[in-house]
Amino acid sequence: MSKLDELIAELCPDGVEFVTVEEICDITRGRVMSKNYLRENTGVYPVYSSQTANNGVFGYINTFDYDCESVTWTTDGANAGSVFYHINEKFSITNVCGLLRVKNNELVSTKFLFYVLQVYAKKYVNDGMGNPKLMSNVMARISVPLPPLAVQQEIVRILDNFTELTAELTAELTARRKQYEYYRDLLLTFGDEVELIAELCPDGVEYASIGSLIKRIRERGKDDISVQQVYVVSNSLGIVRAEDYRDNTIHSEDTSNYTIIRKNMFAYNPSRLNIGSIAMLKEEEPGLVSPMYVVFSIDETQIVKEYFEYVLKSPYVMNKINSYKEEGARFRFNFDRWDWIRIPLPP
């Protein structure tokens with residue numbers, strides 16, 4: 001049994017009490033501060049507003065309204081219900097923020113309240129009229145659990161540890177991503193630093209147009225391929241099943257215009273916002289892709305498919321796609337323009 005289990009069993013034998021926010025907190029709202037006001041009164045004290053980037057900081061001024069341990073929340077806009085914790089800080093908030101100050105620190109941990117509202121506050125946001133809101137009167141009525149202080153403090157300790165671990169993992173992921181990008185760029189530019197390249201390509205690496213390595217596929221949908229096997233090309237996920245991706249917009253009773261895609265074939269989006277999104281199908285069973293995508297296969301006697309996939313997703317190729325797209329009502333990268341992009345073709 002963990003320490004938390006022991007505390008709950010000892011201190012909450014009949015369950016945990018629930019209270020409303022207004023019972024345990026003083027509730028205030030911020031004041032109107034324009035960008036001009038910030039420019040005219042620039043200083044070192046942060047002003048928090050409705051954004052979540054940069055921990056909610058809107059700007060800095062030369063005065064402050066608060067100097068207390070507290071929880072602030074966003075009252076209006078897309079980020080309504082977002083909560084922030086403040087301690088050992090002099091700051092102000094704008095009119096689209098509210099502030100909660102615990103009335104009795106011997107009964108309520110402010111940090112515990114912050115963690116609780118991270119779970120509860122979003123549930124009370126009103127999305128009506130296209131402008132999400134969590135106003136002070138609604139915040140006041142939110143019912144939150146209030147175990148004994150010792151239990152609150154143990155929960156805070158556990159969650160603080162997880163928060164610290166998350167920050168470390170995020171930093172590690174960022175460092176690994178930079179490391180990956182460095183080696184990807186080094187390998188795909190074929191510099192002399194790579195020993196195997198220096199050995200096998202003493203006169204340099206040959207280049208070939210992508211168009212000479214690929215063949216467009218126009219095999220249309222058939223009755224023996226279920227519509228449930230529809231795939232979507234996603235920027236971040238590669239090729240995924242439509243039902244997993246929850247993109248029901250391309251489902252249709254008539255699949256005659258859909259293109260069949262088979263294992264090791266590629267599909268890409270030639271137009272619209274995700275222009276250039278490209279991926280290889282690794283599934284064993286064939287499927288269908290929407291007419292909005294273009295499907296092609298490669299000549300595997302000339303190029304290794306996994307190498308080809310890395311090259312296609314490299315910044316060099318993606319930048320070329322972006323520079324060669326047609327502009328108009330909607331951007332488009334036509335299939336014949338693959339002839340315009342040359343890529344390294346080492347042994």
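Values in this document were obtained by computation on a predicted structure and should not be read as measured data.
Here the closest heavy-atom approach between residue Trp73 and residue Leu134 is recorded as NE1-O, 2.8 Å. Nearest approach of Met33 to Ile93, heavy atoms of both residues: CE-O, 3.3 Å. The two residues Glu17 and Val19 come nearest to each other via the heavy atoms OE2-CG1, 3.5 Å. Pairing each heavy atom of Gly211 with each of Asp339, the nearest pair is CA-OD1, 3.1 Å. The two residues Lys263 and Glu284 have their closest heavy-atom pair at NZ-OE2, 2.5 Å.
Not a single donor-acceptor pair under 3.5 Å links the side chain of Asn322 to the backbone N or O of Met318. Panel note: side chain Ser212, backbone Ala208; no donor-acceptor pair is recorded below 3.5 Å. Judged purely by atom type and a 3.5 angstrom limit, Glu69 has no side-chain atom pairing as donor or acceptor with the backbone of Asn88.
Looking at Glu309 and Lys305, no side-chain N of the basic residue comes within less than 4.0 Å of a carboxylate O on the acidic one, giving no salt bridge. Using a 4.0 Å cut-off between a side-chain N of Lys or Arg and a carboxylate O of Asp or Glu, Arg31 and Asp65 qualify as a salt bridge.
The neighbour count for Tyr310 OH, taken as heavy atoms of other residues, nucleotides or ligands under 6.0 Å away, does not exceed 12. Counting heavy-atom neighbours within 6.0 Å of Arg101 CZ, excluding the residue itself, gives a total of 12 or less. Within 6.0 Å of the OH atom in Tyr182, the count of heavy atoms belonging to other residues, nucleotides or ligands does not exceed 12. Around CD of Glu106, the count of heavy atoms belonging to other residues, nucleotides or ligands within 6.0 Å does not exceed 12. Under a cut-off of 6.0 angstrom, the local environment of NZ in Lys215 is sparse, with at most 12 non-hydrogen atoms contributed by other residues, nucleotides or ligands. Crowding of Phe18 atom CZ: a count of heavy atoms from other residues, nucleotides or ligands under 6.0 Å exceeding 12.
When the side chains of ILVMFWY residues are joined at heavy-atom separations under 4.5 Å, either directly or via intervening members, Leu99 and Ile142 end up in two distinct hydrophobic clusters. Linking Ile, Leu, Val, Met, Phe, Trp and Tyr residues whenever their side-chain heavy atoms come within less than 4.5 Å leaves Leu159 and Leu149 in two separate clusters. Both Trp340 and Ile321 are members of a single hydrophobic cluster when ILVMFWY side chains are connected at heavy-atom separations under 4.5 Å. Cluster annotation: Phe84 and Tyr124 are assigned to distinct hydrophobic clusters (Ile/Leu/Val/Met/Phe/Trp/Tyr, side-chain heavy-atom contacts under 4.5 Å, transitive). Following chains of ILVMFWY side-chain contacts shorter than 4.5 Å, one cannot reach Val44 starting from Ile61, and the two form parts of different hydrophobic clusters.
Side-chain contact annotation: Asn36 with Ser34, donor-acceptor N/O pair under 3.5 Å absent. Side chains of Asn264 and Arg262: a donor-acceptor N/O pair is absent below 3.5 angstrom, by distance only. With 3.5 Å as the limit, one finds no donor-acceptor pair spanning the side chains of Glu164 and Asn161. Residues Glu89 and Tyr66 have side chains that never bring a donor and an acceptor to within less than 3.5 angstrom of each other.
Each of Tyr268, Phe266, Tyr324 was checked for a ring-ring contact (aromatic ring centres under 6.0 Å, His included) with Trp338, and the lone residue meeting it is Tyr268. For the side-chain contact (heavy atoms from CB on, under 4.5 Å) criterion with Val96, the lone passing option out of Thr75, Val32, Asn79 is Thr75.
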Candidate pair Phe91 and Phe64, rule ring pair (Phe, Tyr, Trp, His ring centres under 6.0 Å), full reasoning: CA-CA 5 Å; Phe91 66 96; Phe64 61 89; 8.9 Å; no

Test log, rule salt bridge (charged side-chain N to carboxylate O under 4.0 Å, His left out), inputs Lys178 and Glu181: CA-CA 5 Å; Lys178 289 182 178 179; Glu181 290 172 355; over 6 Å; no

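Interatomic distance, Arg337 CZ to Ser209 OG, rounded to the nearest 0.5 Å: 15.0 Å.
Looking at heavy atoms from C-beta onward, Phe58 lies in side-chain contact with Lys35 at the 4.5 angstrom threshold.
A cation-pi arrangement is absent between Lys111 and Phe114 under the rule of less than 6.0 angstrom and at most 45 degrees off the ring axis. Stacking of Arg216 on the aromatic ring of Phe335 is recorded, both the 6.0 Å distance cut-off and the 45° axial limit being met.
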